Number of protein chains: 2
Amino acid sequence: MSRPTIAGVARAAGVSVASVSRVLNGLPATEEMVERVQRAVQELGYVPDARARSLKVGRTFQLTLAVADVGNPVYVTMMRAVEEVVSAAGYRLVVTTTGPDVVDEVALVRGMARGYADGLLISPIRVDEDLVKSIRECEVPVVVAGNVPAKAGVDTVRANSPKGMLLAVDHLVAKGRTRIAFLNGPADTVPGAARSKGFTEALKAHDLEPTAAAEATDFTFTAGRVAAPGLLGVGDEKARADAHLPDAVICANDLLAVGLMHELAALGLRVPDDVAVVGMDDSELAEQCFPTLTSVNLGSAERGRRAAELLLARIEDNDRTPRRIVVQPSLSIRRSTP
Amino acid sequence: MSRPTIAGVARAAGVSVASVSRVLNGLPATEEMVERVQRAVQELGYVPDARARSLKVGRTFQLTLAVADVGNPVYVTMMRAVEEVVSAAGYRLVVTTTGPDVVDEVALVRGMARGYADGLLISPIRVDEDLVKSIRECEVPVVVAGNVPAKAGVDTVRANSPKGMLLAVDHLVAKGRTRIAFLNGPADTVPGAARSKGFTEALKAHDLEPTAAAEATDFTFTAGRVAAPGLLGVGDEKARADAHLPDAVICANDLLAVGLMHELAALGLRVPDDVAVVGMDDSELAEQCFPTLTSVNLGSAERGRRAAELLLARIEDNDRTPRRIVVQPSLSIRRSTP
DNA sequence: ATCGTTCTTGTAATCGTTTACAGGCCAGAC
DNA sequence: GTCTGGCCTGTAAACGATTACAAGAACGAT
């Protein structure tokens with residue numbers, strides 16, 4: 001005995017399948033009709049088939065969220081916000097991890113043409129011509145949480161990293177720190193490039209020279225630890241004697257910052273007394289780590305929320321002109337800076 | 001100009017739709033047929049429609065993973081493992097957050113009957129009759145990562161919390177700690193109940209009495225902070241003078257442990273010198289926090305992996321007898337214990 | 001040359017819905 | 001009493017794939 005279909009319900013209720021469908025979708029019908037159908041539905045335990053419905057109406061009521069790394073707490077923040085918006089609108093969320101390669105992202109975007117989701121919200125870490133092209137040609141609506149060229153003709157919601165960098169540098173300078181270093185993630189990524197540029201500009205605005213800079217191989221905790229010694233000139237006694245040791249480090253995200261702090265502790269350097277540390281993303285990790293981390297809030301929750309809203313809006317009306325929203329940063333000051 | 005269908009490809013190639021379908025699915029066909037179909041597919045940029053395919057073959061090639069809180073790093077670990085297994089098998093992963101209420105879980109399980117996924121992997125935090133019933137009656141295969149009664153007749157993969165507790169206590173006792181306290185999450189949850197029982201048993205095995213116990217309102221960082229003062233007898237000078245302050249605290253998960261460590265620091269207590277702290281789950285957070293956290297590894301990655309494998313196996317053959325797998329714990333010793 | 005087998009291909013039914021269209025019925029207006 | 005118009009309801013055609021079945025072609029054996 002397999003699950004009942006709408007035809008079974010129609011038979012049990014002694015009405016036509018069209019009437020059953022109408023009642024189920026809340027279209028006008030007489031008292032009695034509604035009553036009979038509902039009883040039959042109850043009795044048979046009928047539940048409409050999402051697959052069949054999807055085929056007919058051309059919608060799956062699913063949205064895909066693609067991120068590079070589910071382990072990055074900034075995506076947790078974003079995912080929470082997205083999930084809240086889309087589930088309120090009656091959609092389910094399909095979460096996909098793309099990994100660090102742009103080819104995987106392209107494959108994902110192309111694959112959307114299969115129609116298993118009604119829209120895609122992607123936060124690409126690397127962007128190239130192919131990706132832009134695939135997004136432009138994508139069969140389903142796409143919203144990018146991040147930075148892609150305007151010619152992609154797609155809704156975007158992005159952070160303002162340079163402004164965020166400036167907030168961080170302002171704060172450090174106000175506290176008397178001038179030997180500021182930068183721990184970046186891979187510079188060939190979108191956030192990596194933006195933050196690097198922002199850092200340089202922000203220092204220039206204060207007439208400062210970078211004290212040191214390093215590039216971790218990933219935006220992860222481990223990569224942060226690995227890259228830290230190089231940044232701090234460990235093993236280079238001359239540099240340290242010359243007081244070239246930075247008195248503050250800005251990190252391209254919170255995970256890198258936490259990795260760095262572990263290395264600082266291992267070297268016997270105190271945070272913030274010897275070295276102040278600033279993270280970016282203001283993720284949950286920033287208040288969980290010790291000392292709590294001063295972090296640039298790039299508005300990940302808001303970006304997630306607004307990106308989800310844009311996506312829903314575009315699904316309603318695919319002809320609207322693409323919007324490019326920029327979310328303004330703020331600084332969450334905690335204990336890792338004086 | 002809408003997207004091409006299989007009929008369009010058939011027309012362009014001058015063959016029948018059946019032939020196109022066969023070529024696309026790798027069924028035997030002549031060189032020439034394959035050639036013509038592939039060229040037409042290329043030219044039109046045809047991509048088969050997942051919705052239509054789902055309806056016909058009765059499969060969506062999606063699996064749902066339901067967890068209570070995406071912010072809990074243990075679920076990140078589990079999700080990674082699950083995603084790896086299912087995507088290797090050609091499935092997509094739909095991640096759903098149920099929240100702390102069992103009614104939401106029941107609604108989710110019931111909703112699976114709509115058929116938008118081929119299977120469900122659920123890690124329920126609270127379990128009642130209704131949930132067990134809904135799981136037993138579920139239209140699609142279900143695997144539970146956690147503890148449900150055998151009568152649910154469902155595949156389960158669970159941790160061995162009592163054994164894990166014993167490992168933690170053994171370790172603390174070996175290091176000379178005897179005034180051991182327990183910071184639990186809500187005791188009316190499955191993990192909360194199991195860990196509470198395990199704690200009591202483990203102490204008894206060492207002829208010890210619990211020094212203190214507290215129950216956080218959630219398995220979260222914030223709840224851990226809030227519950228910590230009560231556990232430590234803050235404000236009760238007599239207790240502290242009587243040396244009733246615990247010299248070790250075992251926490252029901254890593255988030256609670258990190259929350260506790262922040263409160264300890266605020267009180268000027270050193271970890272592990274004054275108070276040793278042990279977490280459970282051995283999540284990424286355990287090595288990211290400071291000091292790094294000794295934590296009971298309850299095998300979340302392995303549980304995720306094996307649960308995913310069970311789910312795939314059951315999708316292949318729904319008649320196999322349910323298996324109940326128990327994953328053994330181990331202890332990851334770090335700096336929060338002596 | 002004929003028959004039977006095997007291999008390939010095409011026709012058409014099917015999956016479970018939604019929905020355009022048409023038919024039936026009733027009420028109100030003349 | 002008849003006609004018009006407005007509800008409800010039912011019939012049947014989609015949606016886009018897969019696949020059972022049949023028919024035709026090719027080929028070897030007799």
Side-chain angles (χ1 to χ4, degrees), chain A residues 1-38 40-41 44-62 90 111-118 139-140, chain B residues 1-38 40-41 44-62 90 111-118 139-140:
Chain A
M1 186 199 85
S2 88
R3 30 183 303 207
T5 72
I6 200 172
V9 175
R11 212 175 311 119
V15 301
S16 75
V17 292
S19 296
V20 176
S21 175
R22 274 189 289 257
V23 169
L24 261 36
N25 292 28
L27 296 175
T30 59
E31 282 285 293
E32 200 213 330
M33 176 64 78
V34 173
E35 155 74 10
R36 295 174 73 168
V37 169
Q38 285 182 344
V41 166
L44 301 180
Y46 168 77
V47 179
D49 186 308
R51 296 175 290 245
R53 185 159 207 281
S54 292
L55 172 58
K56 184 60 189 170
V57 304
R59 291 225 201 158
T60 57
F61 291 94
Q62 291 193 155
M112 292 305 295
R114 305 183 82 88
Y116 57 80
D118 302 341
E139 305 273 346
V140 302
Chain B
M1 185 200 88
S2 87
R3 27 182 306 208
T5 71
I6 198 171
V9 175
R11 211 174 312 119
V15 301
S16 75
V17 291
S19 297
V20 176
S21 175
R22 275 188 289 258
V23 169
L24 261 37
N25 292 30
L27 296 175
T30 60
E31 282 285 298
E32 200 213 333
M33 175 63 78
V34 173
E35 155 74 12
R36 295 174 72 168
V37 169
Q38 284 181 344
V41 165
L44 300 181
Y46 168 77
V47 179
D49 185 309
R51 296 175 290 246
R53 185 157 207 282
S54 292
L55 172 58
K56 185 60 188 165
V57 305
R59 290 225 201 159
T60 57
F61 291 93
Q62 290 192 155
M112 293 304 296
R114 306 183 81 89
Y116 57 79
D118 302 342
E139 305 272 346
V140 303

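In what follows, every heavy atom counts, from backbone to side chain, and hydrogens, waters and symmetry copies are set aside. In what follows, every chain begins at residue 1, and chains take the letters A, B, ... in the order their sequences are listed. Remember, predicted model here, so these are calculated numbers, not experimental data.
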- Query: Taking atom CG of A:Leu44 and atom CD1 of A:Ile6, what is their separation to the nearest 0.5 Å?
  - Reply: 12.0 Å
- Task: Could you check B:Thr5 against A:Gly14 and say which one's nearest nucleotide on DNA chain D is further toward the 5' end?
- Result: A:Gly14
- Item | Shortest non-hydrogen contact between A:Arg36 and A:Gly14, atoms and distance | NH2-O, 3.9 Å
- Task: List in chain and number order the residues that pass side chain to side chain donor-acceptor pair (under 3.5 Å) with B:Glu139, two or more places apart in sequence or in another chain; answer none if no residue qualifies.
- Result: none
- Message: Here's a test of your reading of the structure: between B:Met33 and A:Pro4, which maps to the more 5' nucleotide of DNA chain C?
- Response: B:Met33
- Task: Mind grabbing the angle between the end helix axes of the helix from C:dA1-D:dT30 to C:dC30-D:dG1? Five pairs an end, 10° rounding.
- Result: 60°
- Task: Could you tell me the separation between the OH atom of B:Tyr116 and the OG1 atom of B:Thr60, rounded to the nearest 0.5 Å?
- Result: 10.0 Å
- With sequence neighbours left out, what residues match B:Gln38 under side-chain contact (heavy atoms from CB on, under 4.5 Å)? B:Val34
- Query: Under the side chain to side chain donor-acceptor pair (under 3.5 Å) test, which residues partner A:Arg51, sequence neighbours left out?
  - Reply: A:Asp49
- Task: Report the residues that fulfil side chain to side chain donor-acceptor pair (under 3.5 Å) with B:Arg114, sequence neighbours left out, ordered by chain and then residue number.
- Result: none
- Message: What range of DNA chain C does chain B touch, first nucleotide to last, counting atoms under 4.0 Å from its heavy atoms?
- Response: C:dT8 to C:dG16
- Under the salt bridge (Lys or Arg N to Asp or Glu O under 4.0 Å) rule, collect the residues that match up with A:Asp118, sequence neighbours excluded. none
- Note on the structure: Min and max contacting nt of DNA chain D in 5' to 3' order, chain B heavy atoms within under 4.0 angstrom, are D:dG16 to D:dT19
- Query: Which part of the nucleic acid does B:Ala29 contact within heavy-atom distance under 4.0 Å: base, sugar-phosphate only, or nothing?
  - Reply: sugar-phosphate
- Query: Of the residues in residues 17-26 of chain B, which ones touch DNA chain D at a heavy-atom distance under 4.0 Å?
  - Reply: B:Ala18, B:Ser21, B:Asn25
- side-chain contact (heavy atoms from CB on, under 4.5 Å) against A:Arg11, all qualifying residues, sequence neighbours excluded: A:Ala7
Contacts under 3.5 angstrom, residues 16-27 of chain B side chains, donor-acceptor by atom type, not counting sequence neighbours:
from: B:Ser16; atom 1: OG; to: B:Ala18; atom 2: N; distance (Å): 3.4
from: B:Ser16; atom 1: OG; to: B:Ser19; atom 2: N; distance (Å): 3.2
from: B:Ser16; atom 1: OG; to: B:Ser19; atom 2: OG; distance (Å): 3.2

- Contact check, residues 48-57 of chain B vs DNA chain C, heavy-atom distance under 4.0 Å, returns B:Leu55, B:Lys56
